Q: 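Pasting a structure here, questions to come.
This one's a predicted model, so the numbers in the text were calculated from it and none came from an experiment. First the proteins, then the strands, lettered A, B, ... as listed; each starts at 1.
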2 protein chains.
Amino acid sequence: MSTLYYQGESKFFVAVDCILIGFDNRELHVLLYRRSFEPLKGSWSLMGGFVREGESVSQAANRVLTDCSGVDNLFMEQVGVYGEITRDLGERVISAAYYALVNMASIDVDTLKAHDAVWVKITELPELIFDHEQMIKDSIAILQRKAATHPIGFNLLPEKFTLPQLQTLYEAIYQAPLDKRNFRKKINSMNILEKLEEKDKSSSKRGAFYYTFNKEKYDDLLNKGVCFSL
Amino acid sequence: MSTLYYQGESKFFVAVDCILIGFDNRELHVLLYRRSFEPLKGSWSLMGGFVREGESVSQAANRVLTDCSGVDNLFMEQVGVYGEITRDLGERVISAAYYALVNMASIDVDTLKAHDAVWVKITELPELIFDHEQMIKDSIAILQRKAATHPIGFNLLPEKFTLPQLQTLYEAIYQAPLDKRNFRKKINSMNILEKLEEKDKSSSKRGAFYYTFNKEKYDDLLNKGVCFSL
DNA sequence: TCAAAAGTGTTCGCAGTACACCCATGT
DNA sequence: ACATGGGTGTACTGCGAACACTTTTGA
């Protein structure tokens, strides 16, 4: 390894911690697991890992997410870096947090079991190691802000979804009830959804029409300078 | 040094880069300097430094900011972590960016000279090393978003300021003209400013009244759940 | 026939926006 | 007296918020 330029400076362990947020058509969940190594073995923790030589920090986050979810290229964004000296009880570790969004139904249950990972409702978080609770709080704050102005919520839904489902999602994100008619009016006026013929009969006798997110329409709006906001 | 738990993992140089944003009552500026060491010695760069063993990442950012500005405890927030493998042409360095806000008049000119640092208008940025231009763009995006809903703009002004000054500031932040009467109506309705007897005669014959930001009033509003937004 | 969820319009109030003139003062 | 920037009010409009009934269908 070369130390051409920066010799004398210190080096640090750099980790990534992943806040994988999922939706089960009712509530938001976070993927947690029981830490399998010391220190604090057995405590609740976010999925994480160390950054390696040959990968960027975001690649490391993607690797960790793929590994524990079984799905590649999840929607993912950086939350921030957590750099307090004693944040990790083992040794000093500087950690970059990333949140990712996924529909819980698309995650293979066996992959989760293999990592001892479980979905926990964000309203019922257990005690977590280090600063992981703060990371989750920061993630949800970003999600709440960003979901209001960017169509990222669709990452939490299956390809086809109903309007009641979509509304429940936003109610879960904002942790607040929304008016059905106002919500539908607004969604409708955005003109970014495609209504399908098919109905979902699983949650009512009448059935609710399926919709899909239409990325082309959305990109068109952006090009015209129109502002998405929900 | 202990390698109790995490042996086998790699360690990295971790740097901080500081986007010090200043206001001169006309335009926003960023503090840049000519890099004094290889690689790319002589190129335009943000102020930065390496994180040291005995300090947290944010403490490192504060140290760098204090060092180059001569002022301690500037308003400062994290922008994010930049972790591409080859982002630094020397060796691999993972960098955390922080932006800070300051009134340019409060910075000692000699301190700047000592660091070969200069204020550059954000509308006239030169070519910068590495990903520093991206860091500045990201900072300004955060500033634009955050200044609209949080009273952070006052960090860019002196203790006493006039309403025309305040308006010019927000026009510089948003890079858009604002209507004088609407701006004053809104500011006034927030009830977070204290009008002083004194006038600033430096920019007009009539003179403009000085105001100060009243943090108590602002905190009161927050406690009542009122939402600041400009 | 009834229970349970899906779907549908209108009204009201407020906040954002557009807009033009008088004031104070130093030169 | 005049040039320069400081300060003020009103009318309009569009968007968010509140609100209740009908429809469909499986059990």
Q: If you look at every heavy atom in B:Met135 and B:Ser95, which pair is closest and at what distance?
A: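 Residues B:Met135 and B:Ser95, closest heavy atoms: CE-OG, 3.9 Å.
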Q: Is the phosphate of C:dA4, meaning OP1 or OP2, less than 4.0 Å from a side-chain N or O of A:Arg206?
A: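 So the side chain of A:Arg206 is outside the cut-off, no N or O lying under 4.0 Å from OP1 or OP2 of C:dA4.
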Q: In terms of the nearest nucleotide of DNA chain C, which residue is placed more toward the 5' end: A:Lys185 or A:Ala208?
A: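 Closest to the 5' end, via its nearest nucleotide, is A:Ala208.
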Q: Whole angstrom is fine here: how far is it from CG in A:Asp200 over to P in D:dT25?
A: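 My rounded result for the distance is 14 Å.
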Q: Please state how far atom OH in A:Tyr210 lies from atom P in C:dA6, giving the value in whole angstrom units.
A: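 In whole Å, C:dA6 P lies 12 Å from A:Tyr210 OH.
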Q: 5'-most contact on DNA chain D: A:Lys199 or A:Lys180, nearest heavy atom basis?
A: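 Closest to the 5' end, via its nearest nucleotide, is A:Lys180.
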Q: Any cation-pi pair here, A:Lys199 with A:Phe209, using under 6.0 Å and within 45°?
A: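 Output yes; distance and angle both within limits.
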Q: So, is A:Lys201 close to the D:dG26 phosphate, meaning a side-chain N or O under 4.0 Å from OP1 or OP2?
A: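 It does, given that an N or O in the side chain of A:Lys201 lies less than 4.0 Å from OP1 or OP2 of D:dG26.
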Q: Between P on C:dG7 and OH on A:Tyr211, what's the gap in Å once rounded to a whole number?
A: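 Going from A:Tyr211 (OH) to C:dG7 (P), I get 6 Å.
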Q: Mind checking if A:Ser203 touches a base, just sugar-phosphate, or nothing, with heavy atoms under 4.0 Å?
A: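 Sugar-phosphate, backbone atoms only, no base.
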Q: Does atom CZ (A:Arg34) have a neighbourhood of more than 12 heavy atoms from anything else shown, all under 6.0 Å?
A: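 For A:Arg34, atom CZ is crowded (more than 12 foreign heavy atoms under 6.0 Å).
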Q: Could you tell me how far apart B:Phe183 (CZ) and D:dT8 (P) are, to the nearest whole angstrom?
A: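 It is 14 Å, rounded to the nearest whole Å.
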Q: Whole Å only: how far is the CZ atom of A:Phe209 from the P atom of C:dT8?
A: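 Rounded to the whole Å, the gap is 9 Å.
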Q: Measuring from the side chain of B:Arg184 (C-beta onward, heavy atoms only), which nucleotide among C:dT25, D:dT8, C:dT17 has the closest atom?
A: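 Nearest to the side chain of B:Arg184 among the choices is D:dT8.
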Q: Please figure out whether A:Leu163 or B:Arg181 has its closest DNA chain C nucleotide nearer the 5' end.
A: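 In this pair, the answer is A:Leu163.
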Q: Are the aromatic ring centres of A:Phe161 and A:Phe154 under 6.0 angstrom apart?
A: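 Between A:Phe154 and A:Phe161, which both carry aromatic rings, the centre distance is below 6.0 Å.
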